[in-house]
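Inspection log for the structure reproduced underneath, given as structure tokens.
Position 1 is the first residue of the sequence, and the numbers go up from there.
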Amino acid sequence: MSRDTIADIITSIRNADMNRKRVVRIPSTNITENFVKILLREGFIENVRKHQESNKYFLVLTLRHRRNQKKPYRKILNLKRISRPGLRIYSNYQRVPKILGGMGVVILSTSRGIMTDREARLQGIGGEIFCYIW
């Protein structure tokens, strides 16, 4: 049985966001590091740092939250896993969907690494659609 690291990251971030936790700790791999760099660059998380515990590396993410909010809780981050181990979804650069008319982000795994939908369109390459974030 294989593990789906992208789904684990998405679930950890989504659960922390729903519980209003500010810090999330996820295992560090090349895929998770590249995925988190995109989240940081697009402004969905505030900060990332690498932490080592007994020969294992972890990424500690600081999530963005609205402070001192008296209103009922509203999710700040919406993440949806698209391609999964049982059903891979691929797209060429022309058919990569735009989320909320370009306000959201699609994260793709391409032959040149993990990138956003905007970067893939500019470079003219498609790939596997990991997830939607809005």
Heavy-atom closest pair, residues [X] and [Y]:
{"X": "Lys98", "Y": "Gly102", "result": "CB-N, 4.0 Å"}
{"X": "Leu79", "Y": "Ile10", "result": "CB-CG2, 3.6 Å"}
{"X": "Ile26", "Y": "Val24", "result": "CG2-CG1, 4.0 Å"}
{"X": "Val60", "Y": "His51", "result": "CG2-CB, 3.9 Å"}
{"X": "Thr32", "Y": "Ile9", "result": "CG2-CD1, 3.0 Å"}
{"X": "Met103", "Y": "Arg118", "result": "O-NH2, 4.4 Å"}

Decide yes or no for [X] and [Y]: does some side-chain heavy atom of the first lie under 4.5 Å from some side-chain heavy atom of the second?
{"X": "Arg64", "Y": "Ile45", "answer": "no"}
{"X": "Leu108", "Y": "Phe130", "answer": "no"}
{"X": "Tyr93", "Y": "Leu122", "answer": "no"}
{"X": "Tyr132", "Y": "Val105", "answer": "no"}
{"X": "Ile82", "Y": "Lys80", "answer": "yes"}
{"X": "Leu63", "Y": "Arg22", "answer": "no"}

Give a yes or no on whether the backbone of [Y] and the side-chain of [X] come within a donor-acceptor separation of less than 3.5 Å.
{"X": "Thr11", "Y": "Asp8", "result": "no"}
{"X": "Gln123", "Y": "Ala120", "result": "no"}
{"X": "Ser83", "Y": "Ile89", "result": "yes"}
{"X": "Arg121", "Y": "Gly126", "result": "no"}

Nearest-0.5 Å distance that lies between atom [atom1] in [X] and atom [atom2] in [Y]:
{"X": "Ile114", "Y": "Ile38", "atom1": "CD1", "atom2": "CD1", "result": "6.0 Å"}
{"X": "Lys21", "Y": "Leu61", "atom1": "NZ", "atom2": "CG", "result": "13.5 Å"}
{"X": "Asp117", "Y": "Ser91", "atom1": "CG", "atom2": "OG", "result": "10.0 Å"}
{"X": "Cys131", "Y": "Ile13", "atom1": "SG", "atom2": "CD1", "result": "9.0 Å"}
{"X": "Thr116", "Y": "Arg41", "atom1": "OG1", "atom2": "CZ", "result": "6.0 Å"}
{"X": "Ser12", "Y": "Arg25", "atom1": "OG", "atom2": "CZ", "result": "10.5 Å"}

Count I, L, V, M, F, W, Y as connected when their side-chain heavy atoms are under 4.5 Å apart, and connections chain through other members. Are [X] and [Y] then in the same cluster?
{"X": "Leu87", "Y": "Val96", "result": "yes"}
{"X": "Ile129", "Y": "Met115", "result": "no"}
{"X": "Ile133", "Y": "Ile31", "result": "yes"}
{"X": "Leu77", "Y": "Leu59", "result": "yes"}

Basic-acidic side-chain contact under 4.0 Å: [X], [Y]:
{"X": "Glu33", "Y": "Lys50", "result": "yes"}
{"X": "Glu42", "Y": "Lys37", "result": "no"}
{"X": "Glu128", "Y": "Arg84", "result": "no"}

